[in-house]
Amino acid sequence: MKLHAELGGKIKDNQREAVKLRADMKHVEAVLHLVKPGFNARQIAPRRRYNPNPLFKRGHVFRAAIEVLKAATGPMTAEEISVALFRSKGVDDPTRDQRRHMYGAVNKSLANNEGKSVEADADRPRRWSLLRQ
C-alpha cells in the first residue's frame with residue numbers, strides 16, 4: 001500500500017509539473033508571436049534529451065561493436081555484444097539499467113547500419129555479423 005501511495009504522489013507531482021510546463025510553453029509562444037507575427041509554433045518539433053553513455057562517447061558504441069564482431073568466431077546477439085563491450089571497459093557486473101541501456105545502444109546502432117556494414121539473420125533474437133563483401 002505504501003508503494004501505491006508513493007506512486008500516486010509521483011503522478012500528482014508530474015501532473016502539476018506538466019501544467020507548469022504547458023504554461024511556460026504558452027509564454028514562449030506568445031513571445032514568438034510578438035517577435036514574428038503569424039509564426040506557427042506547431043512546426044517546432046519536441047527535442048528529446050540525449051542520455052549519454054558513461055563508458056562510450058557519442059558514436060563510439062557502433063565502432064566498438066564492429067571490433068567485437070571482427071574478433072568473433074560467428075554471429076552474435078546484441079546482448080552478447082553488450083557483454084563483450086562491458087568486459088572491454090572492465091565492467092564485470094553491470095547493473096540492470098546499465099545492461100538495458102547498453103543493449104539498446106548496441107541494438108539500435110546495429111539496426112541503423114544494417115545492410116551497410118552489418119547484417120542480421122531473420123531469427124529472433126537477431127544474430128549480427130559483418131556484412132560479407
Side-chain angles (χ1 to χ4, degrees):
M1 287 197 298
K2 186 176 178 182
L3 177 61
H4 189 274
E6 188 176 315
L7 292 173
K10 285 183 180 181
I11 289 172
K12 278 191 173 185
D13 290 343
N14 284 335
Q15 286 172 340
R16 277 190 226 113
E17 181 69 15
V19 168
K20 182 185 177 304
L21 290 174
R22 278 190 213 96
D24 291 346
M25 283 183 72
K26 286 185 180 184
H27 289 294
V28 170
E29 288 176 17
V31 170
L32 286 171
H33 286 294
L34 287 174
V35 174
K36 189 174 180 183
F39 180 76
N40 184 4
R42 294 188 187 272
Q43 295 174 340
I44 303 171
R47 179 184 256 178
R48 293 181 60 193
R49 288 188 191 175
Y50 171 65
N51 189 4
N53 184 331
L55 299 175
F56 293 94
K57 292 181 182 177
R58 191 174 184 145
H60 289 221
V61 170
F62 180 68
R63 291 181 209 148
I66 290 293
E67 294 302 318
V68 169
L69 287 173
K70 283 180 184 177
T73 58
M76 298 176 73
T77 64
E79 181 70 31
E80 294 167 340
I81 295 169
S82 299
V83 169
L85 292 179
F86 278 123
R87 286 193 183 127
S88 74
K89 292 294 184 174
V91 179
D92 294 326
D93 190 26
T95 65
R96 182 176 182 218
D97 278 345
Q98 286 175 321
R99 287 193 316 266
R100 186 172 55 87
H101 287 300
M102 182 65 78
Y103 171 83
V106 168
N107 197 41
K108 189 64 177 173
S109 64
L110 291 171
N112 286 341
N113 290 283
E114 186 174 10
K116 299 174 193 167
S117 51
V118 293
E119 61 185 0
D121 59 11
D123 298 334
R124 298 284 180 188
R126 298 176 83 185
R127 299 184 76 71
W128 296 91
S129 59
L130 294 175
L131 191 63
R132 288 172 243 160
Q133 295 180 358

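Count residues from 1 along the sequence.
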Q: Taking D121 for its side chain and R127 for its backbone only, find out whether a donor-acceptor pair lies under 3.5 Å.
A: yes

Q: May I ask whether V83 and V118 are part of the same hydrophobic cluster, defined by side-chain heavy atoms of I, L, V, M, F, W, Y residues being less than 4.5 angstrom apart, directly or through others?
A: no

Q.
Quick check: closest heavy atoms across I81 and A65, and the distance to 0.1 Å?
A. CG2-CB, 3.9 Å

Q: Work out which heavy atom in H33 is nearest to a heavy atom in F39; give both atom names and the distance.
A: CE1-O, 2.8 Å

Q: Report the residues that fulfil salt bridge (charged side-chain N to carboxylate O under 4.0 Å, His left out) with D97, sequence neighbours left out, ordered by chain and then residue number.
A: R100

Q | Worked check of side chain to side chain contact (heavy atoms under 4.5 Å, CB included) between E114 and R126 | A | CA-CA 12 Å; E114 186 174 10; R126 298 176 83 185; 2.5 Å; yes

Q) Do L55 and L85 come within less than 4.5 Å of each other through their side chains, counting heavy atoms only? A) no

Q. What is the distance from atom NZ of K20 to atom CD of E17, rounded to the nearest 0.5 Å?
A. 6.0 Å

**Q.** R16 and D13 ion-paired at < 4.0 Å
**A.** yes

Q | Shortest non-hydrogen contact between G115 and L131, atoms and distance | A | O-CD2, 3.5 Å

Q. What's the shortest heavy-atom distance between T77 and P125, and which atoms?
A. CG2-CG, 4.0 Å

Q | Student check: side-chain heavy atoms of H4 and M1 closer than 4.5 Å | A | no

Q: Using salt bridge (charged side-chain N to carboxylate O under 4.0 Å, His left out) as the criterion, list what pairs up with D92, not counting sequence neighbours.
A: none

Q) Could you state the interatomic distance from NZ (K108) to CG (N113), rounded to the nearest 0.5 Å? A) 11.0 Å

Q. Under a 4.5 Å side-chain heavy-atom rule over Ile, Leu, Val, Met, Phe, Trp and Tyr, are M76 and L130 clustered together?
A. yes

Q. What's the shortest heavy-atom distance between Q98 and F86, and which atoms?
A. O-CZ, 3.4 Å

Q.
So which atom in S88 and which in F56 form the shortest heavy-atom distance, rounded to 0.1 Å?
A. OG-CZ, 4.5 Å

(Q) Do F62 and V106 sit in one hydrophobic cluster, given that two such residues count as connected whenever their side-chain heavy atoms are within less than 4.5 Å of each other, even indirectly? (A) yes

**Q.** Electrostatic pair E67-K70, nearest N-O below 4.0 angstrom
**A.** yes

Q | Common cluster, V61/I66, ILVMFWY with side-chain heavy-atom separation under 4.5 Å | A | yes

